[in-house]
Amino acid sequence: MEPAMKVIHATKSFGKKKAVNDVSFEIYPGEVFGFLGPNGAGKTTMIKMIMSFISMDSGTVIINGFDKKKHYEKAMADIGGIVENPEMYITLSGRLNLEMYARIHDGVTKERIDEVLDLVGMKARANEKVKRYSLGMKQRIGLAQALLHNPKVLILDEPTNGLDPAGIHELRDILKKLAHEEGVAVMVSSHMLTEMQLMCDRVGIITNGTLRDVRLIDELTAGVNGAPIHQIKTSNPAKAKEILSAHYADKIREVGEKSIDIEVSPEEINNCIRELIEGGADILGVQLKESTLEDAFLQITGGGLNIE
Amino acid sequence: MSKIFALYTNEMIKISKKISVLVIAILVVITAFGFSGVMKLLEPLLLGTSDIMSTSEDNYEIPRQYLADAEAYFDEYLKETNGEEYVSGFRLEAADDLLIDDETIAALQSDVDTKEFMLNEVDWNVVDVNRITFVTYIESILQTFYFDYWNQYMVPIEDRDEAWTARQNELLGMIDELKVISNELDFKAYIAFYKANENQFVTDANADVYFFDSITNYGGASRLDTWYDYDPTGGIEKDVVGELTNAFSTIEIYQTQLDNNVLLSSNLLEMTTTTTPLSEEKREEIENKLSVLQYRIDNHLLVLDSESGIASMSTALTQSFVKTLITVLVIIIAGSTISSEMATGSIKSLIIAPVKRWKIFTAKLLSIITVVLVSSIFAVVFSMLGTIVFFGTKTLVPYVYVNGSGVIHTMPHLLYQFLYFIVSCVDVLFYALMAFAFSSVFNNTALAVAISMGASYMTSTVNQLLMLFTHQRWIDFLPISNMDFITPLFPYYTMMNSSSLGLEEATGMLTTPSPIFSLCYCIVLFFCLIYIAKDQFCRKDIQ
């Protein structure tokens, strides 16, 4: 499949510090790509280069087959997004903002404006001035603006900033729907691992301006043997360990005060639980361990979330 | 192109929603009507007690008759008293029947007293101010001698005898001597000169002769003015006389220059008048001005009575106020167009659009030029409306001009005033571009607005300072010297109002470079500012 966007050897220095160092990656239609890294890793710089806010020292970006350096306007026509905060003309209404934005894109109809306003749930308040909006509402209008011209690539920098939990959930659904049903290539940057895990299909990890790894989210959440880690809560972990050691000795990862972590496939977990119950251990709960992405992250970056 | 137009439309929407636009528009309307209204209310105060002429026809005909009467009287008088022996006004005996009152004699007497006091009591070597006064005084005496010298030419050629030649030489000798004294600031020499030639100076004994001289030899216009002072019985309004006198004397100044083939120019700093040979170019210019002014007088197109004078004054003041207002507006808009979008981050939605940055820049530039144009049109239309509402259409005399082939044309007043105002707003465009460039370079609205506003208010101060450097041509390269397109485009604009008539040539004033130079200069400046702004905008990193 042709990638929707291709970043080739992107490099940018501020003074002597290399903010982005030779980063290359691809995003395909129909996927949500997560751009993960600690604060100051170069996520926003990379996104700003894609969006032409700042120039590239070297390298290029190809969007929908058009090299930005050669066919700037054609390449930019297929890109939409929000960088940092959604900024609009606050003295104008949300709708007027969209109308102005629509004017500089080809083929955006009045119906399309209503359609995106509907999608982000802002139709009722679209005629109010933007300065009366809350941050969450601005985010919604910003998303509507980013989607207005049906971009093939949608880039959102920290999109959940300022959204309430319900809003985050809604955004997640919208993005997934866009990617999986409409075939849009979505790129999302964040430093929040759990969020990424819920939203993305593929994740690129960037630290200190260098792209360390790009993996499918399933690969990443999978442990050493490629199976997910399950956390079984029990009042007596020592006893549970003893029971499980019979068949799964090499799969026990960690024994906590009230829990035991075990790396098994979903088919095997059924077996484990049966053995535990038969062995007389009490089970208080079983869950997928959410910190696995964090572990993977630490494993890949080889350190904490420090800003250098 | 369609993208630029779309961006331009967006810019105009943004500008139209700005609060400053609304505020300034309201202020312009208030100023236009309010100021004309206040002037109308003040009219009785400004006019004083003088009567207003009932018909404009009288304004022209009565003074003319008056002037003819006065000239006939003095011609007769000259013939009677001097006959063939007329040599110089200075040597005439006092005319017994001349109308001269005690007040004038007292004024002349006090003038003489002052001069004598200055000569005798003041230490010229100590006080610099006094030295300047000394020079000024000598210059004025020099002028008297010059006039006397010129007056000699009133004697018909066949009557010029040895006495005439002797007097000419005597005057020339004295002029030379005085020049040396003046140059060397030699006060002692001056005292000696004064004592030796005492009889040549105006004293109380020949004050009336001096006075007579002023009426007979200064030409018809001043005769009219003077005559009015002594016989204000013709039912004529003083202001009208003043205005018409201006017109007549200006005609005389033009005529004198053409007849003698000299260019008279006044040095405003040194308070002197100098003469230089008349160039072919200047001759044509003066001839054109003469025919325009004559046309205005013949067709009664001068703004004469005092009521009309107040109306023109009101228009001029209103327009200068509204121009200040729109200058403030365009500087605010141009100074914020880039930097405020950078500050609020709203520039992002422009950058992300599929248009190259220079197109965004071009749209912004076009929108600023539009604002300058639209706001000047708005301002001039409302200021004209204000005048018409409160003063009627009486002052709206057409603009008279001479085209390339020497034919006189007229332009309707409203059209003239409209074009005049728009042309005078060239500097507003310059300040707007300046603010725009600063806004792009420094990303700081306050700084861009402050610098441009400062520049626009500094202009008049700098202009006065520059008068000290009038002979140095580097001032031609200052922007301020090249923003005046009124003079080349409307060379006869000073004749719209008779009070601005008179000797226009002035050596002590800032002389502007040639219109072609100014035009090229402005074009280069225009593109430099745009280039700086564009270059900075297109390379800018958006944080």
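Throughout, a chain's letter reflects where its sequence line sits, starting with A, and its residues are numbered from 1.
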Problem set entry | side chain to side chain contact (heavy atoms under 4.5 Å, CB included) partner of Pro354(B), chosen from His105(A), His149(A), Lys74(A) | His105(A)
Problem set entry | Under 4.5 Å from a heavy atom of chain B, the part of Asp78(A) involved | neither
For this session: Under 4.5 Å heavy-atom distance to chain B, tell me which part of Lys12(A) shows up: side chain, backbone, both or neither.
Result: side chain
Exercise. Is a side-chain N or O of Glu87(A) found less than 3.5 angstrom from the main chain of Ser349(B), in a donor-acceptor match?
Worked result: no
Exercise. Can you say whether Ile104(A) sits under 4.5 Å from chain B via the side chain, the backbone, both, or neither, judging by heavy atoms?
Worked result: both
For this session: With a 4.5 angstrom heavy-atom cut-off, could you sort out which part of Glu99(A) is near chain B: side chain, backbone, both or neither?
Result: neither
Seminar exercise, completed: Bottom line for Met100(A): the part with an atom under 4.5 Å from chain B's heavy atoms is both
Exercise. Taking C-beta and beyond as the side chain, do Leu96(A) and Ile13(B) meet within less than 4.5 Å on heavy atoms?
Worked result: yes
For this session: Without swapping roles, check the side chain of Lys17(B) against the backbone of Thr91(A) for a donor-acceptor pair under 3.5 Å.
Result: no
For this session: Against chain A, label Lys18(B) side chain, backbone, both or neither, depending on which of its atoms sit under 4.5 Å from a heavy atom there.
Result: neither
Exercise. Around atom OH of Tyr531(B), are there more than 12 heavy atoms of other residues, nucleotides or ligands at under 6.0 Å?
Worked result: no
Exercise. Does a side-chain N-to-carboxylate-O contact under 4.0 Å join Lys3(B) and Asp106(A)?
Worked result: yes
For this session: For chain A, find which of Gly345(B), Ser346(B), Ser2(B) contributes the most heavy-atom pairs closer than 4.5 angstrom.
Result: Ser346(B)
